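See below for the structure under consideration.
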Amino acid sequence: MTDAQKKALFDKLVREIMRDIHSHERRSIERALKLLNELRRDVIVLMAESGASQFTMSVYRQIKAAIEYRIDDFERELTTSFNKNLSRAFDLGTEMVEKPSIEALQTPIIGISRQPVQVAAAFSAELISSLSIATKEAINRVLRRAVLGVLPISDAIKSVGRSLTSAGPFKSLALRAETIVRTEVLRIFSIAAHARMQASAKAAQDLGWVLLREWSTAKDRRVRGNKSSDQFSHILAHGQFRRVDQPFDIPILLKGIPTGFEQLSYPRDPKGSAANTINCRCAALPRIFRASEAERVLAQSLLAA
């Protein structure tokens, strides 16, 4: 399969996932409900294990409460006419995007948002090469649990490592497993967050606000662009502002000199090259402005690029 075919296939999968999310089809909700019930049982088992610290138990209780809250909402939706207004109840993880007010932006929200649940359930890591169908299914099961925070990343890496039979281009199975888990878990959240921002841009506009996105790096020496061998510079992309429907411009480097751009809709965009997306730790952060201020911010950002 060529790179173009892989990208076309991945684009198709993402479109199907997004259509599934926004249509609120019954089978999607039933699948998510089944997954959440399984996760609730897993959390109860973890809480029953001895030796957990007070902090860990507190985290488990929060996760369990968030899952049970979400289960109640899913069950209510299954018995209603699927009123679209209920969708906001499933998206506490991205409430700050949908509610453009100072109070909302300053309020921490604990919960498991609907989008990662559904994207994780439907996600298929087609860009991971040289894997059998059984291996991909095993990895997807691990990713579903990891993206919801029930399975610790370290345990997810071990589980994926046990499913792999080849290190591929990496030095070891362990390194490949770590790369797969970290990249794909973050990719799932990127896809989900982008979907919410697309859905929320119009709502923000109706309230007199403009929703922009800002590219933000991890701000350390590992960020792309620090090494002379890097093919892309995320450092130079740091601070870029774009509308929700505008791609970010990621500088392409030749011996450290920018020579062009690769456009990504969000960090770890599957349309991007492997060198630009694998192990990326950047984020597209929602920023809310009044219309006049948004135009000024966008103009400055586009000039800087």
Side-chain angles (χ1 to χ4, degrees), residues 3 6-7 10 13-14 35 39 42-43 46 52 56 59-60 63 93 112 116-117 119-194 215-227 229-235 237-238 250 262 264 266-284:
D3 288 344
K6 286 182 180 179
K7 290 177 182 178
F10 209 99
L13 287 170
V14 171
L35 174 62
L39 291 173
D42 289 344
V43 172
L46 289 171
T56 300
V59 171
Y60 286 161
I63 292 174
I112 299 174
V117 172
V119 174
F123 190 79
S124 178
E126 290 296 331
L127 296 186
I128 304 174
S129 60
S130 304
L131 297 181
S132 67
I133 294 176
T135 300
K136 286 185 179 182
E137 290 177 350
I139 290 174
N140 284 337
R141 285 195 294 271
V142 173
L143 292 175
R144 290 170 194 156
R145 300 181 70 214
V147 78
L148 291 169
V150 174
L151 184 67
I153 292 297
S154 58
D155 291 347
I157 292 170
K158 293 176 183 177
S159 295
V160 169
R162 288 192 292 268
S163 300
L164 297 174
T165 58
S166 169
F170 298 90
K171 294 180 180 179
S172 66
L173 285 174
L175 183 57
R176 187 182 189 190
E178 180 178 358
T179 300
I180 287 173
V181 171
R182 294 190 186 281
T183 300
E184 301 310 326
V185 166
L186 290 175
R187 198 194 305 272
I188 289 170
F189 274 106
S190 288
I191 292 171
H194 188 64
W215 187 284
S216 179
T217 69
K219 303 176 186 177
D220 59 28
R221 296 184 62 83
R222 294 167 54 199
V223 174
R224 285 167 173 81
N226 273 310
K227 300 177 182 177
S229 59
D230 286 338
Q231 300 176 42
F232 296 90
S233 179
H234 290 187
I235 290 177
H238 180 77
I250 311 303
E262 182 172 72
L264 302 182
Y266 43 82
R268 297 163 298 279
D269 184 344
K271 295 192 296 295
S273 60
N276 203 6
T277 57
I278 291 178
N279 275 332
C280 173
R281 297 166 298 134
C282 297

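It should be emphasised that the depicted structure is a prediction, and the values quoted were computed from it without experimental measurement.
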Looking only at heavy atoms, which two atoms of [X] and [Y] are closest? And how far apart?
X	Y	result
Ala138	Ser163	CB-OG, 3.7 Å
Trp215	Cys282	NE1-SG, 3.3 Å
Ser172	Ala167	C-CB, 3.6 Å
Ala146	Ala156	CB-CB, 4.0 Å

pair [X]-[Y]: side-chain heavy atoms closer than 4.5 Å:
X	Y	result
Arg176	Ile128	yes
His194	Asp269	no
Arg281	Val223	yes
Glu178	Ile153	no

For [Y], is there any backbone N or O sitting under 3.5 Å from a side-chain donor or acceptor partner on [X]?
X	Y	answer
Arg224	Ala275	yes
Thr183	Asn279	yes
Asn276	Ser273	no
Asn226	Arg221	yes
Arg268	Leu186	yes

What's the spacing between [X] [atom1] and [Y] [atom2] if we round to 0.5 Å?
X	Y	atom1	atom2	answer
His238	Ser233	NE2	OG	11.5 Å
Glu262	Lys271	CD	NZ	10.0 Å
Asp220	Ile235	CG	CD1	9.0 Å
Leu143	Glu184	CG	CD	6.5 Å
Cys280	Ile250	SG	CD1	8.0 Å
Lys136	Ile180	NZ	CD1	10.5 Å

Inset, instruction - Please determine which of Leu173, Val142, Thr135 meets the side-chain contact (heavy atoms from CB on, under 4.5 Å) test together with Val160. - result: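 Among Leu173, Val142, Thr135, the one meeting side-chain contact (heavy atoms from CB on, under 4.5 Å) with Val160 is Val142.
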Legend entry - Within 6.0 angstrom of Lys158 NZ, more than 12 heavy atoms from elsewhere: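 Open: at most 12 neighbouring heavy atoms sit under 6.0 Å from NZ of Lys158.
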Legend entry - Lys/Arg N to Asp/Glu carboxylate O, Asp155 vs Arg145, below 4.0 Å: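 Answer for the salt bridge query: no.
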Inset, instruction - Might you work through the side-chain contact (heavy atoms from CB on, under 4.5 Å) test for Arg144 and Leu151, ending with a clear yes or no? - result: CA-CA 9 Å; Arg144 290 170 194 156; Leu151 184 67; over 6 Å; no
